[in-house]
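Only a predicted model underlies this, so the values are computations on that prediction, with no experimental measurement involved. Chain naming here is simple, since letters A, B, ... match the order of the sequence lines and numbering starts at 1 in each. These numbers come from the heavy atoms of this one structure, side chains and all, not from hydrogens, waters or symmetry mates.
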There are 2 protein chains.
Amino acid sequence: MRPAKQLSFDTISKDKFIAYLLSSKAKQEMVELCCRLTQILGLPRSTGQIFGLLYFSSSPLSLSQVCEMLGISKASASTGTRQLVTWGALRKVWIPGERKDYYEALSDFGQLLRGGYGTIVKPRMSSSIIRLKKIEDSLNDDLKSNIITTEDHKFIKSRLDKIKKGHNKLIRFAPIIEKMIGL
Amino acid sequence: MRPAKQLSFDTISKDKFIAYLLSSKAKQEMVELCCRLTQILGLPRSTGQIFGLLYFSSSPLSLSQVCEMLGISKASASTGTRQLVTWGALRKVWIPGERKDYYEALSDFGQLLRGGYGTIVKPRMSSSIIRLKKIEDSLNDDLKSNIITTEDHKFIKSRLDKIKKGHNKLIRFAPIIEKMIGL
DNA sequence: TAGCTTGTTCAATTTCTATTGAACAAACCA
DNA sequence: TGGTTTGTTCAATAGAAATTGAACAAGCTA
């Protein structure tokens, strides 16, 4: 009895590889390692696992394969991959004749760091900084209406300045750090 | 009617200042700003608030004052300050004749970053890296017992190497980054 | 068109973390 | 000693975030 559909060499080798990832002890350790690294950036565990799996997969995988191999739900896989794609850690691969989306990890691990920095740290920083000017204003008002002593006002002002200075420094150095992080 | 205990100038000015922190709109904004910045490092909100309060206080505050002014429990205040002290963001101040512990924030905001990096990122990194060697071993075993093709083995090996390389780079650059971050 | 495959979204649930109240320990005082 | 003040610890609770099942949308096939 012949298989209904003849398997190409590529398909066979791919299936073998997936079977390996599913069975091997090393695989679990690899995914776990990668997962841990990505979790440093504050990613959910499931998302970390997805990246780990794809980072060590020599061929792109579909969503359903990711679900099956990691034992997570379609929903998690969908949201996880989307996030990783927007961060630039994964990329969609179009396989001709296939209706499924396939994903592969960029070898540049640093892309993940940069993505995380750009979407988590940076916006929070700037949204915080926007308020600085407002705070300084109400602080000056407090001084004028004698709610606060000149001395205390001076102290608070100096601390605010420190934050401003630090922020500027970070802004200035950020591109350099980003480049250095390019793993 | 005279107050039972004559207040020194210092005490009066301090009480005034605390009243200011309690009442002012600017205070809430300041604490919130600082809180947000510290939360970037993954600190609990209450801990962030403690740091924010002390960062903008011109005099050291006791635990009970922190509780009262932030409306948090003794337990949170105790654990929060302890963590901040071990990170080097706060320091205990001994006031002669007082039985309470007083705390003040170090003006060096970067100390917090370094503390967070040292106690959160660094250990996770190294504990992850320890496993690298182990993974490589089981990978080689898999190759020998023909569970995996030479090709796939090569691919996985290259990805592991990338992680190793990236880790080394981070280790090498960490001190430089730490210095640059010194706000 | 109906039926099938694939991916997304969202309310409900589970899981994890932060926070708290209360019991405890330590140091001081009278 | 007993009482008071201060700080710590921990089990229980409240709160936030991740995960999921299920309903939905979009695209293809016949």
Side-chain angles (χ1 to χ4, degrees), chain A residues 4-5 31-32 35-36 38-54 60-87 90-104 116 119-120 124, chain B residues 4-5 31-32 35-36 38-54 60-87 90-104 116 119-120 124:
Chain A
K5 195 181 175 185
V31 172
E32 207 191 307
C35 175
R36 236 185 263 197
T38 53
Q39 276 193 287
I40 294 177
L41 300 173
L43 284 174
R45 165 145 71 255
S46 65
T47 308
Q49 288 182 112
I50 294 170
F51 182 76
L53 178 62
L54 288 166
L61 301 176
S62 70
L63 262 196
S64 44
Q65 284 174 319
V66 169
C67 293
E68 205 185 335
M69 293 166 77
L70 294 175
I72 64 178
S73 70
K74 252 200 317 174
S76 291
S78 177
T79 55
T81 49
R82 190 145 38 86
Q83 186 163 25
L84 287 166
V85 167
T86 63
W87 283 19
L90 294 186
R91 124 181 125 182
K92 272 193 188 181
V93 178
W94 294 89
I95 293 187
E98 281 277 0
R99 277 169 63 190
K100 297 181 190 176
D101 294 339
Y102 281 79
Y103 296 91
E104 74 178 4
T119 58
I120 292 184
R124 289 200 214 175
Chain B
K5 195 181 175 185
V31 172
E32 206 190 307
C35 175
R36 236 184 264 197
T38 53
Q39 277 194 285
I40 294 177
L41 300 173
L43 283 174
R45 166 145 70 254
S46 65
T47 308
Q49 288 182 114
I50 295 170
F51 182 76
L53 179 62
L54 288 166
L61 301 176
S62 70
L63 261 196
S64 45
Q65 284 174 319
V66 169
C67 292
E68 206 183 336
M69 293 165 78
L70 293 176
I72 63 177
S73 69
K74 252 200 318 175
S76 291
S78 176
T79 55
T81 48
R82 190 145 39 89
Q83 185 163 26
L84 287 166
V85 167
T86 63
W87 282 19
L90 294 186
R91 124 180 127 186
K92 273 194 188 182
V93 179
W94 292 90
I95 294 186
E98 282 276 1
R99 277 169 63 190
K100 298 180 190 177
D101 293 340
Y102 281 79
Y103 295 91
E104 75 177 4
T119 59
I120 292 184
R124 290 200 215 175

Closest of dT9(C), dC16(C), dA16(D) to the Arg45(A) side chain is dC16(C)
Which one, dT19(D), dG7(C), dG21(C), comes nearest to the side chain of Pro44(A)?
dT19(D)
When you measure from the side chain of [X] to the backbone N and O of [Y], does any donor-acceptor pair fall under 3.5 Å?
| X | Y | answer |
| --- | --- | --- |
| Ser78(B) | Ala75(B) | no |
| Thr81(B) | Ala77(B) | yes |
| Gln65(B) | Ser62(B) | yes |

Would you say a side-chain N or O of [X] is under 4.0 Å from OP1 or OP2 of [N]?
| X | N | answer |
| --- | --- | --- |
| Ser73(B) | dT20(C) | yes |
| Ser46(A) | dT19(D) | yes |
| Ser76(A) | dT20(D) | yes |

Pair Tyr102(B)-Leu63(B), side-chain contact (heavy atoms from CB on, under 4.5 Å): steps then yes or no:
CA-CA 7 Å; Tyr102(B) 281 79; Leu63(B) 261 196; over 6 Å; no
Can you tell me how far [atom2] of [N] sits from [atom1] of [X], to the nearest Å?
| X | N | atom1 | atom2 | answer |
| --- | --- | --- | --- | --- |
| Leu70(B) | dA18(C) | CG | C1' | 15 Å |
| Ile72(B) | dT8(D) | CD1 | P | 13 Å |
| Asp101(A) | dT5(C) | CG | P | 17 Å |
| Gln83(A) | dA17(D) | CD | P | 14 Å |
| Leu63(A) | dG27(D) | CG | C1' | 16 Å |
| Lys100(A) | dT8(C) | NZ | P | 14 Å |
| Gln39(A) | dC16(C) | CD | P | 11 Å |

Do you know the tightest heavy-atom contact between Ile72(A) and Ser76(A)?
CD1-CB, 4.3 Å
Mapping Lys74(B) and Ala77(A) to their closest nucleotides on DNA chain D, which lands nearer the 5' end?
Lys74(B)
Of Arg82(A) and Arg99(A), whose nearest nucleotide on DNA chain C comes first from the 5' end?
Arg99(A)
